[in-house]
Structure formats: structure tokens, C-alpha cells
Amino acid sequence: MQLSISTIMLGFFIILLVLSIWKIWAFLPNKQLADDDTTQEAQEKLEALMLKVIHEHQGKLSEKELFEAMHADSNFDKKLFWRFNLNKLIHLLQSYYAKNENISDIESIYEKLV
């Protein structure tokens, strides 16, 4: 049986196409990482911890003091939130302010909690 050069090239093309698609699929993340702190559940846990710490300190905290108090809290999951820093706290506070339009600082968060 004689195969033409175009048939052989088409066969190699299809084989290499399948191989390259499999290679791309194998390296795509297909499950959530254990330390992914960007999920909605992780952000809700972090926000709940923030509100708890604000309530415990009666709202008399600066952003840096709030960050340190959250880090020192026993409910702070160091494995999950290993990337948590002051900038992420500021972003969390700003998103909380955006959800609650009448709140603009940490003391007003405490006043709303009480």
C-alpha cells in the first residue's frame, strides 16, 4: 500500500495536535489549591476575623494595629493566609467600606457592630 506524502503529513499533524492539546491540558490547574486565599469562603473568614478583632478592641485600632492583632489572634489560619499582609488588609477594609456606604473608618465599623 502506497501512502502519499500529504497523507503522512496529515497523520503526523493530527498526532502532534493531540499530543500538544494533552500537554496543555495536563498542566492547567484543575483543582483548587489548599492555600488559595482568594476564594469567597476565605475572604469571608478573613472578614469575620477582622470584625471579631475590631469588636474585641472596641474599634480603637489603626490599620497596622489591626493587622498585628489579626495575626496574633488564635483563629488566624497561618497556613491559609500566609500571603496576608498590610496591603491585603487595606484592600479588605476598602471592600468592606464599599459594601457598607455609611462606614468610612475602623471606629464606625465598631459602632455598627455594637
Side-chain angles (χ1 to χ4, degrees):
M1 178 169 126
Q2 186 76 14
L3 294 176
S4 68
I5 192 89
S6 61
T7 307
I8 295 171
M9 288 175 56
L10 181 63
F12 274 116
F13 174 75
I14 291 173
I15 290 169
L16 292 175
L17 178 67
V18 169
L19 184 66
S20 63
I21 289 173
W22 172 81
K23 193 173 182 182
I24 291 171
W25 174 82
F27 288 104
L28 287 176
N30 43 5
K31 64 179 180 178
Q32 183 177 343
L33 299 174
D35 65 345
D36 186 10
D37 62 347
T38 60
T39 62
Q40 184 68 27
E41 296 83 25
Q43 292 299 311
E44 288 171 0
K45 283 174 67 175
L46 204 54
E47 185 176 302
L49 178 65
M50 178 186 72
L51 295 175
K52 175 184 170 253
V53 169
I54 289 173
H55 190 278
E56 287 174 353
H57 289 84
Q58 299 168 344
K60 296 179 178 21
L61 294 163
S62 67
E63 291 172 345
K64 185 170 175 115
E65 291 170 339
L66 177 60
F67 170 72
E68 291 169 355
M70 285 176 70
H71 243 277
D73 194 273
S74 61
N75 292 336
F76 186 78
D77 187 357
K78 289 183 174 41
K79 286 187 176 185
L80 178 61
F81 299 118
W82 66 275
R83 295 181 202 94
F84 186 66
N85 58 24
L86 186 59
N87 288 334
K88 288 196 182 238
L89 173 64
I90 292 170
H91 180 73
L92 183 67
L93 283 168
Q94 288 174 347
S95 68
Y96 189 82
Y97 298 152
K99 285 190 268 183
N100 302 290
E101 295 177 4
N102 57 345
I103 294 177
S104 61
D105 61 352
I106 295 173
E107 285 190 34
S108 57
I109 292 174
Y110 174 72
E111 291 171 3
K112 182 183 180 227
L113 292 174
V114 176

Reported [atom1]-to-[atom2] distance for the pair [X] and [Y], which is rounded to 0.5 angstrom:
X    : Y    : atom1 : atom2 : result
K52  : L113 : NZ    : CG    : 13.0 Å
E107 : L61  : CD    : CG    : 9.0 Å
L66  : L86  : CG    : CG    : 9.0 Å
L49  : D73  : CG    : CG    : 5.0 Å
L89  : M50  : CG    : CE    : 7.0 Å

*Quick one: do K45 and E41 make a salt bridge, cutoff under 4.0 Å?*
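Salt bridge absent between K45 and E41.
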*Min side-chain heavy-atom separation K60-H57 under 4.5 Å*: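 Not touching, per the 4.5 Å side-chain cut-off.
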*asked:* Treating N100 as the side-chain partner and Y96 as the backbone partner, does any N or O pair qualify as donor plus acceptor under 3.5 Å?
replied: yes
*Give the intermediate values and the outcome of side chain to side chain contact (heavy atoms under 4.5 Å, CB included) for residues M70 and F84.*
CA-CA 10 Å; M70 285 176 70; F84 186 66; 3.8 Å; yes
_Show the nearest heavy-atom pair for residues L80 and A42, with the distance to one decimal._
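Nearest pair, atom of L80 first, then A42: CD2-CB, 4.3 Å.
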Just checking [X]: does its [atom1] atom have more than 12 heavy atoms from other residues, nucleotides or ligands closer to it than 6.0 angstrom?
X    : atom1 : value
K23  : NZ    : no
H91  : NE2   : no
E101 : CD    : no
K64  : NZ    : no

Indicate, with yes or no, if [Y] and [X] share a hydrophobic cluster defined by side-chain heavy-atom contacts under 4.5 Å among Ile, Leu, Val, Met, Phe, Trp and Tyr.
X   : Y   : result
W25 : I14 : no
F12 : I5  : no
I24 : I15 : no

*Check the pair L92, L46 against side chain to side chain contact (heavy atoms under 4.5 Å, CB included), reporting the backbone distance first and the verdict last.*
CA-CA 8 Å; L92 183 67; L46 204 54; 3.9 Å; yes
